[in-house]
2 protein chains.
Amino acid sequence: MIQRNTRQRDTILAVLERAEGPLSAPELLCRAQQDLPGLGIATVYRTLKLLTEDGRVRSVNLDGESLFERADLPHHHHFACRVCGKVFDLDVCPLALPQGLAVPPGYLVEGHEVTLYGVCPGCSA
Amino acid sequence: MIQRNTRQRDTILAVLERAEGPLSAPELLCRAQQDLPGLGIATVYRTLKLLTEDGRVRSVNLDGESLFERADLPHHHHFACRVCGKVFDLDVCPLALPQGLAVPPGYLVEGHEVTLYGVCPGCSA
DNA sequence: ATCCCTGCAAACGATTTGCAGAACA
DNA sequence: TGTTCTGCAAATCGTTTGCAGGGAT
């Protein structure tokens, strides 16, 4: 649990606020260092872990790497561009029946993750 | 492209054949070493890469790690247990509309990945 | 006898952890 | 002032790569 407010935590949260999609820890570090040079990668990871435990941040797995986004975003999923590798938020959930899925009996579904792969507008030009 | 048949490649493929779900490279190594002690992790990765390029194996990303499965399996998705961490194959695609998704114009969808999270029968007991 | 393939070990990138000093409350 | 936090560096873990020897064709 987070117990104190610090410049690094404010900065990390601010970067997440203005992100256009989920960010990896190294990417987040890169952006945050523009506001707060000297910030260390360890602090980024420690802060992300605390924020996740606090329920303020959520992690999504994509293309083998962990990306982080604010947890207060409305339910959505992601689109990963095969060309430039960028990840975009989609404001739709293509999963028609979040619950009534035909899963074998005994499996308790608590959540789902949907990722679409393809080419983004910028790369298809 | 694979050009020669070797004991290690046969073994790796055999392990994938009898897997109940996608496997990570370290997990695959562990199982394969029971048939072929001395097998190295580098060979596992190199073989998986070649098999993927050959279209015989496919990789799925889940929980931040890359898992591998045979590419000749019918279209399906995965269920990841939050308790034991195991991944199971689901023989259904909960994605009702593989095509007509409400993605913003300009995005070309070439594929999708769906993962359900929850508790498996073994862990809910 | 080629030349591909393998094992070992070093290299790498992402993530975690130990430790001493810096900074909130 | 007392802890919590932070930065640095070392440690870990998954993955890749270089190299010399072994094996398939």
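The figures here come from the full heavy-atom set of this structure, side chains too, leaving out hydrogens, waters and symmetry mates. Naming convention: chains lettered A, B, ... in sequence-line order (proteins, then strands); numbering from 1 in each chain.
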Note to self: With a 4.0 Å cutoff (strictly under), does any side-chain N or O of B:Gln8 reach OP1 or OP2 of C:dG7?
What the structure shows: yes
Note to self: Nearest whole Å is fine: how far is D:dG14 C1' from B:Leu23 CG?
What the structure shows: 16 Å
Next item on the list: Provide, to the nearest angstrom, the distance between the CD atom belonging to B:Glu27 and the C1' atom belonging to D:dT15.
Entry: 17 Å
Checklist line | Between P of D:dT15 and CG of B:Leu67, the distance in whole Å | finding: 9 Å
Note to self: From OH of B:Tyr45 over to P of C:dC12, roughly how many Å is that when rounded to an integer?
What the structure shows: 18 Å
Note to self: With a cut-off of less than 4.0 Å, is there a side-chain N or O of A:Arg9 near OP1 or OP2 of D:dT6?
What the structure shows: yes
Check: Mapping B:Ser66 and A:Ile2 to their closest nucleotides on DNA chain D, which lands nearer the 5' end?
Finding: A:Ile2
Check: Does one side chain, of A:Ser66 or A:Asn61, offer a donor that lies under 3.5 Å from an acceptor on the other?
Finding: yes
Check: Relative to each other, are the rings of A:Tyr107 and B:Phe79 parallel, tilted or perpendicular (30° and 60° limits)?
Finding: perpendicular
Check: When you check the gap from the basic side-chain N to the acidic O, do A:Glu53 and A:Lys49 get nearer than 4.0 Å?
Finding: no
Next item on the list: Nearest whole angstrom, please: distance from the C1' of C:dA14 to the CD1 of A:Ile41.
Entry: 8 Å
Notebook entry, point to check: Just how far, in rounded Å, is P of C:dC4 from NZ of B:Lys49?
Noted result: 17 Å
Note to self: Both B:Asn5 and B:Phe68 contact DNA chain D. Which one's nearest nucleotide lies toward the 5' end?
What the structure shows: B:Phe68
Check: What is the nucleic acid contact for A:Arg46, judged by heavy atoms within less than 4.0 Å: base, sugar-phosphate only, or nothing?
Finding: base
Margin query: For A:Asp10 and A:Leu36: C-alpha separation, side-chain torsions, deciding distance, then whether side chain to side chain contact (heavy atoms under 4.5 Å, CB included) applies.
Written below: CA-CA 10 Å; A:Asp10 291 343; A:Leu36 186 63; over 6 Å; no
Next item on the list: Using Watson-Crick or G-U wobble pairs with both distances under 3.5 Å, give me DNA chain C in dot-bracket, 5' to 3', with [ ] for crossers and | for pairs to another strand.
Entry: |||||||||||||||||||||||||
Next item on the list: Please evaluate the base of D:dT25 for a donor-acceptor partner in the side chain of B:Arg4 within a cut-off of under 3.5 Å?
Entry: no
Check: Can a salt bridge be assigned to the pair A:Glu69 and A:Arg18 using a cut-off of 4.0 Å between side-chain N and carboxylate O?
Finding: no
Next item on the list: Kindly assign one of parallel, tilted or perpendicular to the pair A:His112 and A:His75, based on the angle between their ring planes and the thresholds 30° and 60°.
Entry: perpendicular
Next item on the list: Please report the C-alpha distance between B:Leu108 and A:Ser124 in whole Å, then the side-chain angles of each, then the deciding distance to 0.1 Å, and finally whether the side chain to side chain contact (heavy atoms under 4.5 Å, CB included) criterion is met.
Entry: CA-CA 8 Å; B:Leu108 176 60; A:Ser124 62; 5.8 Å; no
Notebook entry, point to check: Is the shortest side-chain N/O distance from B:Thr6 to OP1 or OP2 of C:dC5 below 4.0 Å?
Noted result: no
Item checked: Distance, rounded to the nearest Å, where A:Leu39 contributes CG and C:dA23 contributes C1' -> 15 Å
Next item on the list: Find the distance B:Leu50:CG to C:dC4:P and express it as a whole number of Å.
Entry: 12 Å
